[in-house]
**Student:** 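One structure, as structure tokens, below. Some questions next.
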Amino acid sequence: MTTAREIMTTDVTCVGENEYLSAAAKKMADLDVGSLPICGVDNKIKGIITDHDIVLKVLGKGKDPATITAGALAQGETVTIDANDDARAILATMSQHQVRRLPVIDDNHLVGMIALADVARSMSDRPVGELIQALTTSGR
């Protein structure tokens, strides 16, 4: 069965937990991505920041992204997947936690990211359709 390592995107750039959101937004624009993992000074993943987070939680509330760090938006425990987990685990994790992106971890180090688009490209239609239905009916 397909593993996370086989379908993940390996070219992953982090934003540091102490970097300002203005820098995170610039990285997203330069890389043409909508999200970045937040990495701590200990090289462990602290969360994921999305363009949506920056717009709604910062700009939409009149806050200055040049004064708020990425780590300030990291909330709760980050949902991850092990690089050797199979497709069923990927689908179950995304569905259970209602997430569209999963950082892929190997030996506690970030090695890649799996987005909903990666899942759609690599798996059969039925499980992907069920995942999309689960994600879209949650309102996220």
Side-chain angles (χ1 to χ4, degrees):
M1 180 164 272
T2 303
T3 65
R5 187 180 309 279
E6 293 171 301
I7 67 169
M8 69 185 185
T9 299
T10 57
D11 186 21
V12 180
T13 299
C14 282
V15 61
E17 67 181 328
N18 295 320
E19 286 185 70
Y20 291 107
L21 294 176
S22 54
K26 180 162 180 10
K27 281 185 183 183
M28 285 183 203
D30 291 347
L31 297 168
D32 194 27
V33 297
S35 67
L36 292 171
I38 303 168
C39 294
V41 292
D42 58 1
N43 287 326
K44 292 190 178 178
I45 189 155
K46 303 297 181 184
I48 294 180
I49 184 123
T50 66
D51 49 5
H52 187 259
D53 293 331
I54 294 171
V55 170
L56 294 182
K57 296 177 182 176
V58 180
L59 298 174
K61 298 196 182 224
K63 298 178 182 175
D64 182 0
T67 64
I68 300 171
T69 64
L73 290 188
Q75 299 174 357
E77 187 175 331
T78 304
V79 178
T80 62
I81 193 95
D82 187 89
N84 296 314
D85 283 348
D86 66 22
R88 284 187 300 261
I90 296 165
L91 292 169
T93 302
M94 287 181 136
S95 183
Q96 176 185 352
H97 295 281
Q98 298 291 293
V99 296
R100 296 170 188 254
R101 300 164 188 89
L102 280 175
V104 181
I105 305 297
D106 188 10
D107 195 29
N108 290 321
H109 292 94
L110 179 68
V111 294
M113 289 285 286
I114 294 178
L116 187 56
D118 299 318
V119 173
R121 279 191 296 272
S122 65
M123 296 181 191
S124 67
D125 291 345
R126 184 177 176 151
V128 172
E130 291 170 357
L131 173 60
I132 291 170
Q133 181 177 4
L135 292 175
T136 56
T137 57
S138 73
R140 284 184 142 180

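Atoms considered below: every heavy atom in the structure, side chains included; atoms not considered: hydrogens, waters and symmetry mates.
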**Student:** More than 12 heavy atoms of other residues, nucleotides or ligands under 6.0 Å from CG of D11: yes or no?
**Tutor:** no
**Student:** Under 4.5 Å between any side-chain heavy atoms of E19 and K27, yes or no?
**Tutor:** yes
**Student:** Ion pair present between D86 and R88, side-chain N to carboxylate O less than 4.0 angstrom?
**Tutor:** yes
**Student:** Look at the side-chain heavy atoms of Ile, Leu, Val, Met, Phe, Trp and Tyr, link any pair under 4.5 Å apart, and say whether I68 and L36 land in one connected group.
**Tutor:** yes
**Student:** Is there a donor-acceptor pair closer than 3.5 Å between any side-chain N or O of D107 and the backbone N or O of H109?
**Tutor:** no
**Student:** Give me the atom names and distance for the closest heavy-atom approach of A70 to L21.
**Tutor:** CA-CD2, 3.6 Å
**Student:** Do any N or O atoms from the side chain of Q96 and from the backbone of T93 form a donor-acceptor pair under 3.5 angstrom?
**Tutor:** no
**Student:** If Ile, Leu, Val, Met, Phe, Trp and Tyr residues are connected whenever their side-chain heavy atoms lie under 4.5 Å apart, and connections chain through other members, are M28 and Y20 in the same group?
**Tutor:** no
**Student:** Can you find a pair of side-chain heavy atoms, one from T50 and one from R101, that are under 4.5 Å apart?
**Tutor:** yes
**Student:** Could you check whether any side-chain heavy atom of T13 comes within less than 4.5 Å of a side-chain heavy atom of D30, counting everything from C-beta outward?
**Tutor:** no
**Student:** Any side-chain heavy atom of M94 sitting closer than 4.5 Å to one from I114?
**Tutor:** yes
**Student:** Can you name the nearest heavy-atom pair linking L110 to G112, along with the distance?
**Tutor:** CD1-O, 3.4 Å
**Student:** What pair of heavy atoms forms the shortest contact from P37 to V12, and how long is it?
**Tutor:** CG-CG1, 3.6 Å
**Student:** Quick check on the hydrophobic clustering: are L31 and I54 connected, directly or via other members, by side-chain heavy-atom contacts under 4.5 Å?
**Tutor:** yes
**Student:** Does D32 reach the main-chain N or O of A29 with its side chain, forming a donor-acceptor pair under 3.5 Å?
**Tutor:** no
**Student:** Please report the interatomic distance CD(E6) to CG(D118), rounded to the nearest 0.5 Å.
**Tutor:** 13.0 Å
**Student:** Can you tell me how far the OG1 atom of T3 sits from the CD1 atom of I90, to the nearest 0.5 Å?
**Tutor:** 7.0 Å
**Student:** Look only at the side chain of T69 and the backbone of N18, and say whether a donor-acceptor pair between them is shorter than 3.5 Å.
**Tutor:** no
**Student:** Are the side chains of M113 and L102 in contact, using a 4.5 Å heavy-atom criterion?
**Tutor:** no
**Student:** Looking at L73 and I49, what are the two nearest heavy atoms and their distance?
**Tutor:** CD1-CD1, 3.4 Å
**Student:** Name the residue from D85, I81, I45 that meets the side chain to side chain contact (heavy atoms under 4.5 Å, CB included) definition with I105.
**Tutor:** I45
**Student:** Ignoring hydrogens, what is the shortest heavy-atom contact between G40 and E17? Give both atom names and the distance.
**Tutor:** CA-OE2, 3.3 Å
**Student:** Would I38 and I48 satisfy side-chain contact (heavy atoms from CB on, under 4.5 Å), going step by step from the backbone distance to the final call?
**Tutor:** CA-CA 5 Å; I38 303 168; I48 294 180; 5.9 Å; no
**Student:** To the nearest 0.5 Å, tell me how far E77 CD sits from K46 NZ.
**Tutor:** 11.5 Å
**Student:** Can you tell whether the side chains of R5 and D106 come within less than 4.0 Å, N to carboxylate O?
**Tutor:** yes
**Student:** Between V111 and T10, does a side-chain contact (heavy atoms from CB on, under 4.5 Å) hold up when you go through it step by step?
**Tutor:** CA-CA 6 Å; V111 294; T10 57; over 6 Å; no
**Student:** Which disulfide bond (SG atoms under 2.5 Å apart) pairs, counting each pair once, include a residue from residues 20-53, with sequence neighbours left out?
**Tutor:** C14-C39
**Student:** Consider only side-chain heavy atoms of I, L, V, M, F, W and Y, link residues closer than 4.5 Å, and tell whether V99 and V33 are in one cluster.
**Tutor:** no
**Student:** Any idea which heavy atoms bring V15 and A24 closest together, and the distance?
**Tutor:** CG2-CB, 3.7 Å
